[in-house]
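First the structure, in the form of structure tokens, and then the observations on it.
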Amino acid sequence: MDDPNFRKPSTDHTGPVTAGHMQSSLAHSNYSRTGLTTLKISPAFYFDVEIEGAPSDLRDAVAQSQYYLENDKLGRLVVGRGANDTTAFATAMTLSKLTLSLASRAAVEPISSEAVKPLGTRSEEYALNIPADGSAATLTANSTLGLYRGLTTFNQLFYYYGGPFRGLGLDTSRHYYPVSDIQRTLDAMSWVKINTFHWHITDSQSFPLEVAQYPELAINGAYSPQEVYTASDVQYIVKYAAARGIDVMMEIDTPGHTAIMAAAYPEYVACFEASPWAFFSGEPPAGQLRFALPEVTNFTASLLTNIAKTLPSHYFSTGGDEINKNCYADDYPTQQQLKRTGMTLNGALDTFTQTTHGALIVQGKTPVVWEEMALDWNITLSNETIVMVWISSADAAAVVEKGFRIIQAPSDYFYLDSGAGEWLGDNPTGSSGPFRTWSEAYTFDPLANLTEAQYELVLGGEQILWSEQSGPQNVDPIVWPRAASSAEIFWSGKQPTGAALNVTEALPRLHDVRYRMVQRGINAIPLQPQWCAFRPDACDMYAWFGT
């Protein structure tokens, strides 16, 4: 949802273009030279791919860009839809092509391969040059992924800096989302440069993931045989995402949030459906893995390994949040094992975590955990472990103080499910917390309360949709366009001047993103009355007061 550097009209359409040189860098610095020259797109405009052996997904991306160029019909969001631009059009030069090329000595790899490289090794930067005289525009990058980002800029008028983790989390366990809904979500993510799909695929309520080595988990744990992600579904989603520059980081939350596993392995789960559930778990049904038992540790390590080895991502989340000690206090198998070995519950969790994480590391995966694993338990985590901050934005400082890299996903800014009211029965005055507006999220400073030396530990961040009250029926309006705000935060961080991002300046850009999403089939919610969208600042509170 970044700066509109030019207006891209469709085929024989015209529009104002900000011409000049646009470039992004992973060195956390931006360079741009812009102007106010109006250019027109030629009816015969084409993309010239000057890359020998260009991979098929790059060619698909170019074809997609051509389609958007010809079919996006969004007029300027001003009164009259830009009718007053006629004079500028009369003398405008015509842009005939965009030439795509890779820098010398750059390897030619598919976008899908580039998208799943470890953070810090992905090359997303690009240089986009649109001459004011209408001569051929050029797009150059060090990788096909960088070209993909630049193509999106060309189509959607965005300018940004790249590199960090920019994620969207989706919980598909409380409610099942058909593959088509996930596809549509991935499309929208790619349009705003979100580069990671955090797939929280299982939880206490359902286990919809087919695992070849453990088929009984989905057979007994999915809501129905039709609400299962088969192995081919997962591979399709992973490839679909990668072709759009998106990495898929799957999460199998353990040892908490695992009650449903009792449907297949009752001997592995403590306090299953214990009552009152609120004493034993964060939400119903109660039930957690008996992680103190060696057979449970070995089972979990095998399960995670068999899932992780089918995924190209370097990152795999094992969760670790909301482990309830009450669940184990009176659990006979757990207490007998602790007594027999002389271990504490904390010590048993340490062994469980080191074993399961060790199995993932052997597979070349970097473990990702929720913040409690770093802050609430005295366990040994690999220095490479990535910690997701969720309980409060204030917790980030404590995590980085321990030397861990973090992903910012604080619930006080980024929880998309907040504001829907309480979903628990017999609790009419309950609340899921206040609705997190896009503008509130946009004020988030990912480096707040950190020292300059700690900045490099912040990998990026994400917004996440927990699905207790969401499903395929409302996923679009719940997520979009709000999630676009964090995409810009974790790309830009600050304005080129070093100033904080400005909500008032961002609103017209987000309007533009929202209208374009609607045109492309996303049921994104309006941000303001259309009257306001056509008149930037006219609906600002302080403009009304005349200050």
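The chain is numbered in sequence order, starting from 1. Just so it is clear, the values below take in all heavy atoms, side chains as well, and ignore hydrogens, waters and symmetry mates.
Within the structure, salt bridge (charged side-chain N to carboxylate O under 4.0 Å, His left out) contacts touching residues 314-328 (residues at least two apart or in different chains) do not occur. Among residue pairs with one or both ends in residues 411-426, those qualifying as side-chain hydrogen bond (donor to acceptor under 3.5 Å, both in side chains) are Ser393-Asp412, Tyr415-Trp466; sequence neighbours excluded. Applying the side-chain hydrogen bond (donor to acceptor under 3.5 Å, both in side chains) rule to pairs touching residues 474-484 yields Arg184-Asp476, sequence neighbours excluded.
Tested against Arg174, the residues Ser467, Ser204, Ser470 include a single side-chain contact (heavy atoms from CB on, under 4.5 Å) partner, Ser467.
Among residues two or more places apart in sequence or in another chain, the salt bridge (charged side-chain N to carboxylate O under 4.0 Å, His left out) test is passed with Glu372 by none. Phe280 is linked by a ring-ring contact (aromatic ring centres under 6.0 Å, His included) to nothing, counting only residues two or more places apart in sequence or in another chain. Residues forming a salt bridge (charged side-chain N to carboxylate O under 4.0 Å, His left out) with Arg405 (at least two apart in sequence, or on another chain): Glu384. Checked against salt bridge (charged side-chain N to carboxylate O under 4.0 Å, His left out), Glu114 has the following partners two or more places apart in sequence or in another chain: Lys117. Every residue was checked against the side chain to side chain donor-acceptor pair (under 3.5 Å) condition with Gln363, not counting sequence neighbours, and none meets it. With sequence neighbours excluded, no residue forms a salt bridge (charged side-chain N to carboxylate O under 4.0 Å, His left out) with Asp350. The side chain to side chain donor-acceptor pair (under 3.5 Å) test applied to Glu456 returns no partner, not counting sequence neighbours. Thr300 pairs by the side chain to side chain donor-acceptor pair (under 3.5 Å) definition with nothing, not counting sequence neighbours. Take Ser439 and apply the side chain to side chain donor-acceptor pair (under 3.5 Å) test, not counting sequence neighbours, and it matches Thr437.
Judged purely by atom type and a 3.5 angstrom limit, Glu124 has no side-chain atom pairing as donor or acceptor with the backbone of Arg149.
Residues His314 and Leu119 have side chains not in contact (no heavy-atom distance under 4.5 Å, counting atoms from C-beta outward). A heavy-atom distance below 4.5 Å is not found between the side chains of Phe414 and Ile464. Two residues are said to be in side-chain contact when any heavy atoms from C-beta on lie closer than 4.5 Å; His175 and Gln205 fail this criterion.
For Asn346, the CG atom sits in a packed shell: over 12 heavy atoms of surrounding residues, nucleotides or ligands are nearer than 6.0 Å.
A donor-acceptor pair shorter than 3.5 Å cannot be found between the side chains of Trp438 and Gln463.
Electrostatic pairing of Arg520 and Asp187 does not count as a salt bridge here, judged by no charged N lying under 4.0 Å from a carboxylate O.
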